[in-house]
Amino acid sequence: MQNWRSCAFMVSRMFRLETEVDKDRRDLLRRRLRDTNTAASPVLRALRGTPHERESPLHVWASGPAGDLAGGLVGHTWTTWLHVTYLWVDERHRGAGLGTRLLAEAERLAAGRGCTAARVETWDFQAPGFYRRHGYEVVCVIPDYPPGITEYTLTKRLGPEAGTRRAHPG
């Protein structure tokens with residue numbers, strides 16, 4: 001188990017760096033960064049004080065006949081984007097289209113919230129092919145994240161115009 005000790009050292013005569021975990025300062029930093037970003041971006045400024053300013057959770061669950069968890073999707077919507085954080089289907093139910101149904105329902109709900117695009121991160125041994133088959137396109141590849149594994153970020157346009165795009169095989 002890692003020991004999270006505080007460590008401080010002088011960077012110059014004016015600044016001291018510390019490496020302790022500090023939730024209060026983390027929250028202060030987050031607020032200040034949000035304020036800086038809002039001041040610099042007309043898009044983010046327009047979001048302030050609106051329902052789209054914050055992420056809204058989006059969860060879709062599938063239960064088996066006995067009420068057990070067969071699969072689920074956890075994500076959130078923010079501005080006009082759906083972000084799929086987790087999508088999992090129990091091994092006993094894979095290949096039956098449950099993952100497709102979970103993803104389609106999340107996209108439907110997100111579109112109802114005004115989302116026009118979706119994004120997901122997945123590793124090479126997980127589901128990049130699944131997402132490509134459902135119209136997602138690879139926009140970023142990070143090799144060795146973690147070492148020996150490749151991470152993919154994929155995006156998809158949602159809505160009527162998305163239906164004209166063919167899903168990629170694979």
For this session: Answer yes if the ring centres of Y86 and W88 are under 6.0 angstrom apart, and no otherwise.
Result: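 No - the distance between ring centres of Y86 and W88 does not fall below the 6.0 Å cut-off.
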Exercise. Taking atom CZ of R101 as the centre, does the number of heavy atoms from other residues, nucleotides or ligands within less than 6.0 Å exceed 12?
Worked result: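 Atom CZ in R101 is not crowded, with 12 or fewer foreign heavy atoms closer than 6.0 Å.
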For this session: Take atom CZ of R26 as the centre, draw a 6.0 Å sphere, and report whether it contains more than 12 heavy atoms from other residues, nucleotides or ligands.
Result: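 More than 12 heavy atoms, drawn from other residues, nucleotides or ligands, come within 6.0 Å of this atom.
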Exercise. If you look only at pairs with a residue in residues 71-82, which of them pass as a salt bridge (Lys or Arg N to Asp or Glu O under 4.0 Å), with sequence neighbours excluded?
Worked result: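 Sorted pair list comes back empty.
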Is a side-chain donor or acceptor of [X] paired with a backbone partner of [Y] at a separation under 3.5 angstrom?
| X | Y | result |
| --- | --- | --- |
| T122 | A127 | yes |
| D90 | G71 | no |
| R45 | A39 | yes |
| E53 | G49 | yes |
| K156 | H134 | yes |

Going hydrophobic residue to hydrophobic residue with side-chain gaps under 4.5 angstrom, can you get from [X] over to [Y]?
| X | Y | result |
| --- | --- | --- |
| L154 | F130 | yes |
| W81 | V84 | no |
| L109 | W61 | no |
| Y152 | I142 | no |
| Y131 | Y145 | no |

Look up atom [atom1] in [X] and atom [atom2] in [Y], then write down how far apart they are to the nearest 0.5 Å.
| X | Y | atom1 | atom2 | value |
| --- | --- | --- | --- | --- |
| L29 | L33 | CG | CG | 6.5 Å |
| S56 | W78 | OG | CH2 | 12.0 Å |
| E105 | H59 | CD | NE2 | 14.0 Å |
| R119 | L82 | CZ | CG | 10.5 Å |
| M14 | R16 | CE | CZ | 14.5 Å |
| D35 | L44 | CG | CG | 11.5 Å |

For this session: Report yes if some heavy atom in the side chain of V120 is under 4.5 Å from a heavy atom in the side chain of T153; otherwise report no.
Result: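 Sidechains of T153 and V120: no contact.
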Problem set entry | Beyond-backbone contact of P146 with W123, side-chain heavy atoms, under 4.5 angstrom |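 Of all side-chain heavy-atom pairs linking W123 with P146, at least one is under 4.5 Å.
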Looking at every heavy atom in both [X] and [Y], which two are closest together, and how far apart are they?
| X | Y | value |
| --- | --- | --- |
| V89 | R94 | O-NE, 2.6 Å |
| A70 | G64 | CB-N, 3.9 Å |
| R48 | T38 | NH1-OG1, 3.2 Å |

Exercise. Which residues satisfy the salt bridge (charged side-chain N to carboxylate O under 4.0 Å, His left out) test with R30, sequence neighbours excluded?
Worked result: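 D27.
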For this session: List for me each residue that meets salt bridge (charged side-chain N to carboxylate O under 4.0 Å, His left out) alongside R34, sequence neighbours excluded, and say none if there are none.
Result: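 Per chain and number, R34 pairs via salt bridge (charged side-chain N to carboxylate O under 4.0 Å, His left out) with no residue.
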Problem set entry | Derivation and outcome, side-chain contact (heavy atoms from CB on, under 4.5 Å), residues L58 and L73 | CA-CA 8 Å; L58 191 148; L73 181 147; 4.2 Å; yes
Problem set entry | Test side-chain contact (heavy atoms from CB on, under 4.5 Å) applied to H83 and T77, step by step | CA-CA 6 Å; H83 187 167; T77 57; over 6 Å; no
For this session: For the pair I149 and D144, evaluate side-chain contact (heavy atoms from CB on, under 4.5 Å) and give the outcome as yes or no after the intermediate values.
Result: CA-CA 5 Å; I149 296 173; D144 284 331; over 6 Å; no
